[in-house]
There are 2 protein chains.
Amino acid sequence: MRRCGSGACRLRRVIDMFQLDLKSRKSIYEQIVDNVKELIITGMLKTEEKIPSVRELSKTLTVNPNTIQKAYRELEYQGYIYTVSGLGTFVASPAELPIDEKRVSDVKAHIRENMKELFYIGCSLDSIKKILDELTEERSDWNDKGK
Amino acid sequence: MRRCGSGACRLRRVIDMFQLDLKSRKSIYEQIVDNVKELIITGMLKTEEKIPSVRELSKTLTVNPNTIQKAYRELEYQGYIYTVSGLGTFVASPAELPIDEKRVSDVKAHIRENMKELFYIGCSLDSIKKILDELTEERSDWNDKGK
DNA sequence: ACAGTGTATTATGTCATATAGTACACTGAG
DNA sequence: CTCAGTGTACTATATGACATAATACACTGT
């Protein structure tokens, strides 16, 4: 059974995309969770594609294996990846994502708070709408990649 | 010198608005920072208005004075409040807020990430635009209050 | 003088995080 | 079967942020 897609070469490139900031207040495992999420959401990592093993990513990032494992566990819990014991960890299909209404409302509330702050700081309404427009364009790019 | 506005009665109401969740992963002082910011941004706390003293808020929330102090220090650093030794702590004018370009781009980036996640989870574009629209209406309410 | 304010300091305990080391079960390739 | 590679589990330890406790000082207006 071959699930690794285009193999180690592509995997390497993906690994190199991780950006860790040890000085950040964000914990390392959180940064890994967010990075992998980002790669999946933007389509850099595609459905059913294999992601680096716990030990491999551990060596690449010079981070303890337990920390990677914690991140993967969280990602699996959220439905973004799934694991097959003895084989590896793979990107789950978006269709298999649980419909998490609480998560949706939480994220929306978060967006509202951020927008409020931008208003208060002095950002114009248009400047904020612009973010949405840019994202709409990017999104069509993702769709093109998927074809 | 009287800066307390409409006095202790109004102050009481403001204090009662604080919502602390000890079970949250968010630290207490962060929750206080966010709560005060929220009250200022939405206009519940107006410019030059006095906010509860460290010791008073400490008693009301059953939280250590040092924790309140830490929150106030952070709020002062961010430019939302200012303190006068021996007098108290007051809401700063938005005009005095430092133009923090980094903060702006950080918050915008954060909004983008959140929107991306909503897309991936399965939210429609309209559902996200709706947040912006609702906020626009609310904003006119804030402006009305300010008049 | 006094009460109320902000501020500073030291000490203590708790918890999440990250690391270290070890062990076990599973898989595919040889 | 043997072996390397995979995920997983567990204990132990160190570190730092967080929160509390207790105390002290300087300033303000009454």
Side-chain angles (χ1 to χ4, degrees), chain A residues 1-5 7-8 11-12 15 18 20-34 36 48-77 80-92, chain B residues 1-5 7-8 11-12 15 18 20-34 36 48-77 80-92:
Chain A
M1 201 177 196
R2 178 158 192 78
R3 297 179 181 234
C4 305
L11 210 52
R12 225 347 154 60
I15 296 176
F18 284 97
L20 286 192
D21 176 16
L22 300 180
K23 290 170 286 185
S24 169
R25 324 135 247 180
K26 227 190 225 175
S27 60
I28 297 181
Y29 94 91
E30 271 182 310
Q31 292 183 51
I32 296 174
V33 168
D34 290 343
V36 174
E48 303 302 331
E49 184 172 355
K50 188 180 186 301
I51 67 176
S53 76
V54 170
R55 288 176 179 80
E56 184 181 5
L57 191 53
S58 164
K59 284 178 191 167
T60 310
L61 301 180
T62 335
V63 165
N64 193 278
N66 293 329
T67 305
I68 310 290
Q69 187 195 350
K70 187 173 183 180
Y72 280 14
R73 196 188 307 139
E74 176 65 20
L75 282 165
E76 184 168 22
Y77 173 76
Y80 284 89
I81 63 179
Y82 67 94
T83 60
V84 182
S85 189
L87 273 184
T89 307
F90 307 88
V91 178
Chain B
M1 199 178 203
R2 177 157 191 82
R3 296 179 180 235
C4 305
L11 210 53
R12 220 359 149 59
I15 296 176
F18 284 97
L20 286 191
D21 177 16
L22 300 179
K23 290 171 285 184
S24 170
R25 326 133 244 181
K26 228 191 225 174
S27 60
I28 297 180
Y29 95 91
E30 271 183 308
Q31 292 183 50
I32 296 174
V33 168
D34 291 343
V36 174
E48 303 304 331
E49 183 172 357
K50 188 179 186 299
I51 67 176
S53 75
V54 170
R55 289 176 178 80
E56 184 181 3
L57 190 53
S58 163
K59 283 178 191 168
T60 309
L61 301 179
T62 334
V63 165
N64 192 278
N66 293 330
T67 305
I68 309 291
Q69 187 195 348
K70 187 173 183 179
Y72 280 14
R73 196 189 305 140
E74 175 66 19
L75 282 165
E76 184 167 23
Y77 173 76
Y80 284 90
I81 62 178
Y82 67 94
T83 60
V84 182
S85 189
L87 271 184
T89 307
F90 307 88
V91 179

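Throughout, protein chains are lettered first and strands after them, A, B, ... in sequence-line order, and every chain is numbered starting at 1.
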Could you state the atom-to-atom distance from [atom1] of [X] to [atom2] of [N] in whole Å?
X	N	atom1	atom2	answer
B/Gln31	D/dA19	CD	C1'	13 Å
B/Tyr29	D/dA17	OH	C1'	9 Å
A/Phe90	C/dT27	CZ	P	13 Å
A/Glu74	C/dA18	CD	P	13 Å
B/Ile68	C/dG6	CD1	P	11 Å
B/Lys23	C/dA16	NZ	P	15 Å
B/Arg73	D/dA17	CZ	C1'	14 Å
A/Leu20	C/dT17	CG	C1'	14 Å

Legend entry - Residue-phosphate contact under 4.0 Å: B/Lys70 side-chain N/O, D/dC18 OP1/OP2: yes
Inset, instruction - Check whether any side-chain N or O of B/Thr67 sits under 4.0 Å from OP1 or OP2 of D/dT20, and answer yes or no. - result: yes
If you check every side-chain atom of [X], which of [options] has the closest atom?
X	options	value
A/Ser27	D/dT8, C/dT5, C/dA18	C/dA18
B/Thr89	C/dA18, D/dC18, C/dG6	C/dG6
A/Ser53	D/dG7, C/dT19, D/dG29	D/dG7

Inset, instruction - Let me know, please, whether A/Leu22 or B/Thr83 comes out on the 5' side of the other along DNA chain C by nearest nucleotide. - result: B/Thr83
Inset, instruction - Start with the C-alpha gap between B/Tyr72 and B/Leu57, add the side-chain angles, then the distance that decides, and say whether side chain to side chain contact (heavy atoms under 4.5 Å, CB included) holds. - result: CA-CA 11 Å; B/Tyr72 280 14; B/Leu57 190 53; 3.4 Å; yes
Inset, instruction - For the pair A/Ser58 (side chain) and A/Val63 (backbone), establish whether a donor and an acceptor sit closer than 3.5 Å, ignoring hydrogens and angles. - result: yes
Inset, instruction - Examine distances only and state if a side-chain atom of A/Thr67 and a backbone atom of A/Tyr29 form a donor-acceptor pair shorter than 3.5 Å. - result: no
Inset, instruction - Would you please name every residue forming a side-chain hydrogen bond (donor to acceptor under 3.5 Å, both in side chains) with A/Thr89, sequence neighbours left out? - result: none
Can you pull every protein N or O that's under 3.5 Å from an N or O on nucleotides 20-22 of chain C?
residue, atom, partner, partner atom, Å
C/dA20, N7, A/Asn66, ND2, 3.3
C/dA20, N6, A/Asn66, ND2, 2.8
C/dG21, O6, A/Asn66, ND2, 3.4

Legend entry - Set of residues satisfying side chain to side chain contact (heavy atoms under 4.5 Å, CB included) with respect to A/Asp34, sequence neighbours excluded: A/Lys26
Legend entry - Residues B/Glu48 and B/Tyr82: side-chain donor-acceptor under 3.5 angstrom: yes
Legend entry - Contact nearer the 5' end of DNA chain D, comparing B/Pro65 with B/Ser85: B/Pro65
Legend entry - Residue of the set B/Glu74, B/Arg73, B/Lys70 for which side chain to side chain contact (heavy atoms under 4.5 Å, CB included) holds with B/Val33: B/Glu74
